[in-house]
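See below for the structure under consideration.
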Amino acid sequence: MRTKLANREELVKLEEKLQMEAQGRIRVENYLYSGTKISIGSATMHVKETLQHCTLYKEGADIKIGAY
């Protein structure tokens with residue numbers, strides 16, 4: 001039977017690994033409305049203006065907006 005400490009340590013390691021490997025992209029075909037919260041890995045972004053036909057991607061600790 002595993003201890004709570006061992007489970008917690010494994011959870012921390014898995015979360016770190018997920019954060020390192022988070023390289024997702026979000027492709028916006030139509031509209032992405034202001035007020036939307038975007039998260040890719042540990043990076044988050046609150047959309048301040050409506051976006052259309054773009055791609056959002058993680059670069060370092062930030063989320064960037066690029067061409068569709």
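Along the sequence shown, residues carry numbers from 1. FYI, side chains are in, hydrogens and waters are out, and symmetry mates aren't considered; it's all heavy atoms of this structure.
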Taken in chain and number order and not counting sequence neighbours, the residues that satisfy side-chain contact (heavy atoms from CB on, under 4.5 Å) with Leu5 are Thr3, Glu9
Residues at least two apart in sequence or cross-chain that pass ring-ring contact (aromatic ring centres under 6.0 Å, His included) with Tyr68, listed by chain then number, are none
Residues at least two apart in sequence or cross-chain that pass side chain to side chain donor-acceptor pair (under 3.5 Å) with Asn7, listed by chain then number, are Arg2
Output for pair (Leu51 CG, Asn30 CG), nearest 0.5 Å, gives 13.0 Å
Residues Leu56 and Leu32: closest non-hydrogen pair is CD1-CD2, 3.9 Å
Test side chain to side chain contact (heavy atoms under 4.5 Å, CB included), reference Met45, set Asp62, Ile40, Ile65, output is Ile65
Sorted by chain and residue number, the side-chain contact (heavy atoms from CB on, under 4.5 Å) partners of Arg25 (sequence neighbours excluded) come out as Thr55, Tyr57
Tightest non-hydrogen contact, residues Ser39 and Thr44, listed as OG-CG2, 3.3 Å
Residues at least two apart in sequence or cross-chain that pass side-chain contact (heavy atoms from CB on, under 4.5 Å) with Lys4, listed by chain then number, are none
Rounded to the nearest 0.5 angstrom, the CD-CD distance for Gln52 and Glu29 is 10.0 Å
Residues joined to Tyr31 in its hydrophobic cluster, side chain to side chain under 4.5 Å directly or through other members, sorted by chain and number, are Tyr33
What one should report as the nearest heavy-atom pair of Ala61 and Ala43 is O-CB, 3.5 Å
In this structure, OG of Ser34 is separated from CD of Glu49 (nearest 0.5 Å) by 9.0 Å
